[in-house]
Participant: 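Here it is, the structure in full.
Within every chain, numbering begins at 1; the chains are lettered A, B, ... in the order of the sequence lines, protein sequences first and strands thereafter. These values consider heavy atoms only, across backbone and side chains, with no hydrogens, waters or symmetry-generated copies. Quick caveat, the model's predicted, so the values are computed rather than measured.
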Protein chains: 2
Amino acid sequence: MAARPRIKDVAEYAGVSPKTVSNVINNFEHVSERTRAAVQEAIDALGYRVNIAGRQLRQGRTGMITLAVPELDVAYFAELAKHVMDEAAARGRTVLLHSTEAVRERELAALHGFDAQFSDGVILSPLALNPRDLATRDRRLPVVLLGERPAGGSTDHVGIDNVRAAREATEHLLSRGRRRIAVVGGAVRGRQGTDRLRTDGYREALGAAGVPFDADLVIPVGAYHWRDGARAAASLVERGLGPDALLCLNDHLALGALRALHEHGRSVPGDLDVVGFDDIEASRFSVPSLTTVAPDKREIARAAVSLLLERIDAPDGAALRDHVAGHRIIVRESTGG
Amino acid sequence: MAARPRIKDVAEYAGVSPKTVSNVINNFEHVSERTRAAVQEAIDALGYRVNIAGRQLRQGRTGMITLAVPELDVAYFAELAKHVMDEAAARGRTVLLHSTEAVRERELAALHGFDAQFSDGVILSPLALNPRDLATRDRRLPVVLLGERPAGGSTDHVGIDNVRAAREATEHLLSRGRRRIAVVGGAVRGRQGTDRLRTDGYREALGAAGVPFDADLVIPVGAYHWRDGARAAASLVERGLGPDALLCLNDHLALGALRALHEHGRSVPGDLDVVGFDDIEASRFSVPSLTTVAPDKREIARAAVSLLLERIDAPDGAALRDHVAGHRIIVRESTGG
DNA sequence: ATGAAAGCGCTAACAA
DNA sequence: TTGTTAGCGCTTTCAT
């Protein structure tokens, strides 16, 4: 097979100049129908496809955007990634997917590092970055933040209303008569991360219902995996803290908790209620199925891609934006649904 | 902030020629320590990083490899992707991750399309490709196949011994006295895909034990998700086929089946045993926890990256290779463990 | 509406 | 050991 054809080959085949071929490829408007057809025929005949390296070198764009998430094997991020890829594809972009493992250096690398070079912009779901990391980032690379938003707000952002979502989930538990509601993965103080915001919402709901807040029921976790949820639930039971419900800050934690409660002979929703966040597919099939706060992943993906593409097209354009995506509570067996 | 520095800027700063800077960047050996140090200092001072488009245009390499899997939200592939990224990083490569949704056109795009251009080679887990697609692929792009291997074998391949793995899993069920073992996701005829190979292994085990094969117990599924497993298990029970065990061809199917059996009042492992494939994290925390065939994902990732990098470095090098990675059966509660 | 020329940043080939 | 030249494929600028 011959070497890959270049624009020059197409031009010669079609009897036009390279520039004209370029005009056709890039849908430049001032091209006669005749010429366009001739060039297209040459392209098809030779099997020509643009060399992106050449194009990028010249115009400084790749047509790719990076999506950097903390962990691909957290189902929420895998599902979100699928939506982002769909949305990007619909808009003619390709997604370069990265897993940062929630390590600050790797989150920084998404913003500054090697990988960012392939990319016209980055959608980043940060966990470890601090405000200064963002303040000192290279402004030439457009960035949209997902979920967590380190204070300082120098970057476009997409997320749900975490305070309200947690408040509603807690209200649901309260409405079922639960009073000793533990927060698995919660945080009472510290930066305004997702964990903190959701815990704040939880406290708001307790306060409004006149239920006293018990700091012992806020259980920090190392990560948001099954094993961490299982460990937290086991510890709650073994320490005799007498919880009658678990508000788990993601579904993996909740599913792990279900397992631990089962091992400890507690029935859900008989003895305790359990609620999660994210609405991953597993939660529809667990035993019992899991009540959860379902963020609108499609809306999140769509907003993130839109904001990013706008930034790419107009780097100094609009003011900072913060898109608040919708969410709803899906009641399933784990709270009597 | 100034424009991104180029090699020329570094060269001027260090008082050398651009070529010398290039030599340093690429660890060319014939560079004096003095010069190397001076250049490095200039690089650090200016914050220089190579422009990959320029490099790719010149030498035709990007340092990136593509991993294309059918579905990222199938946990097995997310976990595998993590291993591949780790392995690639350890070898100085970046991974471009793609989800093909098991659509033939998208699998082809991984081999031929736009995306492949950024990439020095592709690790592809195909589901929809046919042998001709591979036979007619562009040989300039090195490819390693994972899991499925369309017949014809013109491509390096990494997988487990599916026949043996399924036989061993079936033997495990037989040893527990099970005789009416259904295969969820199985295939009796057709191309030698993973489903067919595993069903063959199942039949081998039945044959060796003198248990008659019943084609009604082979249940095809549309996809390998919870919902498909749930549907298949429900249908088995409702049709009164009287299975006493389910060999599910991945863990998602098995976990979905557990849910359906629970809904139908069947106890696992009391009334039926259930076995899966993949050993995803969810299977350690389901109720009951799931017995499963665990492929050595790390070995698969390592072998795939190694084979691919060797091909990239020596496109016309070694003969075709087929790496058979290890697996083991992990016995958990769903078969009395 | 189309073409000619120049150059994006880098490194291969060759020269010194 | 280091420097010079040329050109990878594309698109921008300017000319026609």
Participant: Can you figure out which of D/dC10, C/dA4, C/dG9 approaches the side chain of B/R6 most closely?
Facilitator: C/dG9
Participant: Nearest to the side chain of A/I7, which nucleotide is it out of D/dT2, D/dC8, D/dT11?
Facilitator: D/dT11
Participant: Answer yes when A/D120 and A/R93 have at least one side-chain N-carboxylate O distance shorter than 4.0 Å, and no when they do not.
Facilitator: no
Participant: Within less than 4.0 Å of OP1 or OP2 of D/dT11, is there a side-chain N or O belonging to A/N26?
Facilitator: yes
Participant: Which residue, B/L67, B/L145, B/T155, forms the side-chain contact (heavy atoms from CB on, under 4.5 Å) with B/L124?
Facilitator: B/L145
Participant: Counting side-chain heavy atoms from C-beta on, which of C/dA4, D/dG9, C/dA13 comes nearest to A/K19?
Facilitator: C/dA4
Participant: Counting only side-chain heavy atoms from C-beta out, which of D/dG3, D/dT1, D/dG9 sits nearest to B/S17?
Facilitator: D/dG3
Participant: Should A/T35 be listed as having a side-chain N or O under 4.0 Å from OP1 or OP2 of C/dA1?
Facilitator: no
Participant: Just the rounded figure in Å: distance from P of D/dT16 to CG of A/N23.
Facilitator: 18 Å
Participant: Among C/dG3, C/dT11, D/dT11, find the nucleotide with the atom closest to the side chain of B/P18.
Facilitator: C/dT11
Participant: Nearest-Å distance, CG (B/N27) to P (D/dT1)?
Facilitator: 15 Å
Participant: By nearest atom, which of the nucleotides C/dG9, C/dG3, D/dG3 is closest to the B/N51 side chain?
Facilitator: C/dG9
Participant: Give a yes-or-no answer on whether the side chains of B/R91 and B/S306 include a donor-acceptor pair shorter than 3.5 Å.
Facilitator: yes
Participant: Taking atom C1' of C/dC14 as reference, at what distance in whole Å does atom NE2 of B/H30 sit?
Facilitator: 15 Å
Participant: Whole-Å distance between D/dC10 C1' and A/I25 CD1?
Facilitator: 9 Å
Participant: Taking only side-chain N and O atoms of B/S32, does any of them lie within less than 4.0 angstrom of OP1 or OP2 on D/dT1?
Facilitator: no
Participant: May I have the distance from B/Q56 (atom CD) to C/dC10 (atom P), rounded to whole angstrom?
Facilitator: 14 Å
Participant: Rounding to an integer number of Å, can you tell me how far A/R55 CZ sits from C/dC10 P?
Facilitator: 21 Å
Participant: Any N or O donor-acceptor pair under 3.5 Å from the base of D/dG7 to the side chain of B/R58?
Facilitator: yes
Participant: Is there a side-chain polar atom (N or O) of B/T20 under 4.0 Å from OP1 or OP2 of D/dG3?
Facilitator: yes
Participant: Using a cut-off of strictly less than 4.0 Å, decide whether B/Q59 has a side-chain nitrogen or oxygen near OP1 or OP2 of D/dC8.
Facilitator: no
Participant: Between atom CZ in B/F28 and atom P in D/dT1, what is the gap in whole Å?
Facilitator: 9 Å
Participant: Would you name the heavy atoms of B/I312 and B/P142 that are closest together and state the gap between them?
Facilitator: CG1-CG, 3.8 Å
Participant: Within this structure, what is the CG-to-C1' distance between B/L57 and D/dT11, rounded to whole angstrom?
Facilitator: 12 Å
Participant: Scan side-chain atoms only and decide if B/H112 and B/D138 contain a donor-acceptor pair under the 3.5 Å cut-off.
Facilitator: no
